[in-house]
Amino acid sequence: MTIAAPDSRAIPAILDDVPEIRRSILRRAWIFCRRQPLGTFGMVIVVIIAIAGLSADWIAPYSPTANDFAAMTEAPSWAHWLGTDQFGRDQLSRIIYGARTALIVGFSCAIIASVAGLVLGVGSAYFGGRLDLYLQGVLDVVMAFPLIIMALAVVAIFGTGVHNVIVAITIPLIPRCARVVRSSALSIREVPYIDAARACGFGHARIILRHMVPNVMAPFLILLTAFVGQAILAEASLSYLGLGVQEPVPAWGLMLQGGAEEYASTAPWIAVFPGLAIALTVFGFSLFGDALRDALDPKLRDR
Amino acid sequence: MTRPIAAMLAVLAIALPATAEDTPKSGGTLTYMIPADAPPSLDGHRETTFATVHSAAPFYSVLIRVDPNNPASTTDFVCDLCTAMPKPTDDGKTYTFKIRSGVKFHDGSPLTAADVAASWNAIIHPPEGVTSARESYFVMVDKVEAPDPSTVIFRLKFATNAFMPALADPFAWIYKKEILDKDPHWYEKNILGSGPFKFAGLEIGQSMKGVRNPDYYIEGLPYLDGFTGIYAEKQAVRVEAIRADRAAMEFRGMPPASRDQLVKELGDKIPVQESDWNCVNLVTPNHKKKPFDDVRVRRALTLAIDNWRGAPALAKIANVHTVGGIVFPGSPLAATKEELQAIAGFWPDIDKSRAEAKRLLKEAGAEGLKFELMNRNVDQPYKYVATWLIDEWSKIGLHVTQRVLPTGPFFEGLRNDNFDVTIDFNCQAVVNPLLDVGKFLPHSVYTENYGNYDDQKEIDLYQQMLHETDFTKQRALMREFEKYVLDNEAHMFMTPWWYRIIPYRSYVKGWKISPSHYLNQDLATVWLDK
């Protein structure tokens, strides 16, 4: 009996020339793109934003912080494709540099929160007992507050600025990850190979790192991508409220806060373009995260 | 009259829509916005914020005040509770006021000279545990006496022309002696005055309401049946309220963009009054922190700022307008443009100024200095000014970040010396340069100075100026003081002075703008033409 890979016919011939491992990765990527066109679209947005953020120093046409009093609130033109703000700063340059702020905050929060959640979730599930009970109690308390309310409270205590915003957004994300990871880890704890590992005398660290963590990677990765979008949105919200990063740091939420109220009718581009940047980025991460979930979930994989 | 004052009055004359044929009408309720969430307390003696004045001034009388028909004047004072403006005796050291008869507090009890003297004593010599925000304005006052029910006498330690403007302070409300004697903190949470309106209700965070006082001592006033002040911190909310005619105006001041938006949409239904504003943001380096203890670094910070180009540009987007020194521009004691241009931070050649700044930084070993600018979470004009300053400093290679704090933590930061450099402010009521420049004195003399420096030479210069009664000599001393503070020592430095813009519904009549958002707020002469 031969089982043909359902999508192998569609893989371009060019892949025949690349080594086997790379071929495998590219094949999977191609399959992902074929099966998840929306997710691919999201991934493209994420990649574009990432490239913009990483290469801002080279691609931004102007300094994002230099005031230009001769060009205050200029409408979009050839000189300033997305117009200028009330200080005459180029909007396109600020949005490009703002991508860097968004990605720094987004990825920092997502990675720290996910890793912390992974450690707490797996540890809590594996050891169980009182540790699990107390830990879940604490996480319940933290989760009782909506993300933005919790972040506002943390910023009120620690103050504003990029680092404090990262702390403020990370703290409420940790229990969300820990809770999901714990539920996966609980079921894994009961499977025979974990008992077998214990019977073989393996230590806790080995069992957790070698046998449990790899098996909760799917929900972990999905949460990671979802958290990036959530963190970017939370950062923009905090900055919009004047509690996030501060001028003159280019950040999308801050750009909205500075211009949206006073110039909504006379210079709408000040609010529209950073708003679009936020919406597109969050949309991109959301689509990509959904697609990743579908791709990694064995139940959905063959549908 | 100096040219700037003439120019300011000309602006007012153009802006004011009132004409001789306008006959005041009685009735109606004025609804206005108060750009705050709530006043910190209701006690004018204790507070310095407009939130308290805009909430409670209509309930109180004062001894003297700036003429409500000419509130831009720096010398035109009229009686409120007194019967005539006194001539000083005893070589300018004694002022005797006769108090109106028949004035009643809102509880029906009579107001006498004893109440006036008790209120002024609480302001000038507050009892232990009571805060008086204006105590330091009255260093010249020895004692206040009420020898009979209709006479109040102020006896001064030395004659000074700073006394009368200080006496016209709009926060100096007259309280009931009996209450002050029983509980000096009573007025922080309660209201009982003798002003044109009686207290009708306060909903914390929402509104303050007042109704007409039928026993008001000035016949025919007030015109309004009542007023409602609505608290709204967000500017967008206030603009929307005026646009939708839910409120007629606000009294603090709006940025140019909001004015333009309202005028564009509502045309002649929105007249606008504008005035130079006796308010300015200052930059204060913390002298306790290195390298700001080094005068070369402080001078470099001020030399980097191009006030002459910055002011007209910022005026398009923020509530700032005029380049000036430590004295309110337009005042006879203010520096001329030529005098200013001799001071660091006002040099006409900005390239030369920044080259000198870089040289000083290099000499002080502070090239590429990184520091944090503390600021208050108020858009207009604090955050606009800070964004501009940070860009100016970047032009001499400084790397400045900003820490923005809500009002409470901001003042806590100032008082705990928890900052490198901060944006501060100097907002005064009646233009009274001799006292207004007290802000620049060390903390040991002026408690609201946060630079953390001591400077006996500066204090001596100030005392000399305060005691001087000859205008020419006083002006020369003011220039010496200004140069010393802003340039020689660069203890603090200036940003453009503020500009007050009040768009309001055209049916509001009888209110005139002044250089202070604290002045002319008792609403007695305001009426509605509808």
Side-chain angles (χ1 to χ4, degrees), chain A residues 62-74 84-90 93-94 101 152-165 238-251 253-271, chain B residues 233-240 243 254-265 306 309-319 372-380 382-395 399-406 408-410 412-413 418:
Chain A
Y62 297 90
S63 158
T65 56
N67 299 343
D68 180 0
F69 292 143
M72 294 160 88
T73 59
E74 266 189 15
T84 62
D85 68 6
Q86 62 272 42
F87 289 96
R89 297 175 298 194
D90 182 58
S93 303
R94 285 184 70 75
T101 308
L152 281 171
V154 176
V155 167
I157 295 165
F158 294 109
T160 56
V162 175
H163 295 110
N164 291 338
V165 165
L238 287 174
S239 296
Y240 178 75
L241 293 170
L243 298 168
V245 295
Q246 298 297 339
E247 288 278 7
V249 177
L254 192 62
M255 291 170 76
L256 272 177
Q257 194 245 351
E261 289 179 0
E262 281 180 38
Y263 298 94
S265 61
T266 53
W269 54 90
I270 294 178
Chain B
E233 224 171 1
K234 291 289 281 181
Q235 186 178 286
V237 174
R238 303 196 301 273
V239 173
E240 278 308 311
R243 191 200 335 246
M254 285 191 172
S258 300
R259 170 200 58 197
D260 296 344
Q261 186 186 337
L262 285 169
V263 170
K264 186 180 164 193
E265 290 174 15
D306 186 357
R309 273 192 74 227
L314 282 173
K316 294 177 190 164
I317 54 173
N319 278 344
E372 189 180 69
L373 177 70
M374 186 171 82
N375 199 2
R376 189 176 176 184
N377 193 15
V378 176
D379 278 344
Q380 286 290 350
Y382 289 76
K383 284 158 87 172
Y384 277 77
V385 167
T387 301
W388 168 64
L389 285 173
I390 290 170
D391 186 48
E392 295 290 281
W393 285 326
S394 74
K395 290 169 185 165
H399 304 281
V400 186
T401 54
Q402 191 181 184
R403 177 163 54 113
V404 179
L405 298 170
F410 170 76
E412 204 177 307
N418 184 20

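Fair warning: this is a prediction, and the values are worked out from it, not measured in the lab. Convention: sequence-line order gives letters A, B, ...; per-chain numbering from 1.
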* **Considering all heavy atoms, the nearest Glu247(A)-Ile390(B) contact** => O-CD1, 4.1 Å
* Toward chain A, the part of Asn375(B) with a non-hydrogen atom under 4.5 Å -> neither
* Asked: Where on Thr387(B) is there a heavy atom nearer than 4.5 Å to chain A: the side chain, the backbone, both, or neither?
  -> both
* To do: Under 4.5 Å heavy-atom distance to chain A, tell me which part of Gln380(B) shows up: side chain, backbone, both or neither.
  => side chain
* Examine whether an atom of Lys395(B) lies under 4.5 Å from a heavy atom of chain A, and if so say whether it belongs to the side chain, the backbone or both; otherwise answer neither. => neither
* Asked: What is the distance from atom CD1 of Ile157(A) to atom CG of Asn164(A), rounded to the nearest 0.5 Å?
  -> 11.0 Å
* To do: Might you point out which heavy atoms bring Val165(A) and Gly244(A) nearest each other, and give the distance in Å?
  => CG2-CA, 3.4 Å
* Structure fact -> Taken to the nearest 0.5 Å, the spacing of Met254(B) CE from Leu262(B) CG works out to 6.0 Å
* So which part of Gln402(B) gets closer than 4.5 Å to some heavy atom of chain A, the side chain, the backbone, both or neither? -> both
* To do: Mark yes when over 12 heavy atoms from residues, nucleotides or ligands other than His399(B) sit less than 6.0 Å from its NE2; otherwise mark no.
  => yes
* Given the options Ala70(A), Gly88(A), Ala66(A), which has more heavy-atom pairs under 4.5 Å with chain B than any of the others? -> Ala66(A)
